[in-house]
Amino acid sequence: MAILVFCDGMPITKSAQKALHGSKNKKLFNDRRARAMKGEIKEIKKMTDAKDAKGAKDKLADAYKAIDKAAKRGIIKKNTAARKKSRLVKMIKNVS
């Protein structure tokens, strides 16, 4: 009596191999978007810690763009994007 055991890591069919390849590419793209968003947020946090309200306001548009793109791609949810933007504005207002 032979028992077939498939390992979970490797796809068997050609279509599953293609799907795995596509999902790896999407993961790279999504990780890049998430990293860009987090980087923009960190820059604004550094500026607000240094009491640089004008510089933070100038970077706000870039942060909004990165957050909106992440929400559009489904990396973060719509409400999470709204919350992040709201907190950034609140952070800048506290510095001013």
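Computed from heavy atoms alone, side chains included, the values below leave out hydrogens, waters and symmetry copies.
- Two different hydrophobic clusters hold Met47 and Val95 under the rule that ILVMFWY side chains link at heavy-atom gaps under 4.5 Å.
- One finds the NZ atom of Lys24 at 11.0 Å from the NZ atom of Lys27 (value rounded to the nearest 0.5 Å).
- Between Ile41 and Ile67 there is a side-chain heavy-atom pair separated by less than 4.5 Å.
- Contact check on Lys65 versus Asp62 returns no salt bridge, with no Lys/Arg side-chain nitrogen under 4.0 Å from an Asp/Glu carboxylate oxygen.
- Taking the side chain as every heavy atom from C-beta outward, Arg73 and Phe29 approach each other to under 4.5 Å.
- Here Lys69 contributes atom NZ and Ile75 contributes atom CD1; the two are 11.0 Å apart, rounded to the nearest 0.5 Å.
- The nearest pair of heavy atoms linking Arg33 to Ala70 is CD-N, 4.4 Å.
- Residue Lys85 places its NZ atom among more than 12 non-hydrogen atoms of other residues, nucleotides or ligands, all under 6.0 Å distant.
- Residues Asp68 and Lys72 fail the side-chain proximity criterion, which asks for heavy atoms closer than 4.5 Å.
- Between the CD1 atom of Ile76 and the CZ atom of Arg83 there is a distance of 8.5 Å, given to the nearest 0.5 Å.
- Considering only residues two or more places apart in sequence or on other chains, Asp52 meets the salt bridge (Lys or Arg N to Asp or Glu O under 4.0 Å) condition with none of them.
- Between the CD1 atom in Ile92 and the NZ atom in Lys59 there is a gap of 11.5 Å [rounded to 0.5 Å].
- The minimum heavy-atom distance linking Ala63 with Glu40 is given by the pair CA-CB, 3.8 Å.
- For Ser15, the side-chain contact (heavy atoms from CB on, under 4.5 Å) partners are Thr13, not counting sequence neighbours.
- A donor-acceptor pair under 3.5 Å is formed between the side chain of Thr48 and the backbone N or O of Ile44.
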Criterion side-chain contact (heavy atoms from CB on, under 4.5 Å) on Lys77 and Thr80, from CA distance to verdict: CA-CA 5 Å; Lys77 293 183 179 179; Thr80 305; 3.9 Å; yes
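- Using a 4.0 Å cut-off between a side-chain N of Lys or Arg and a carboxylate O of Asp or Glu, Lys45 and Asp49 do not qualify as a salt bridge.
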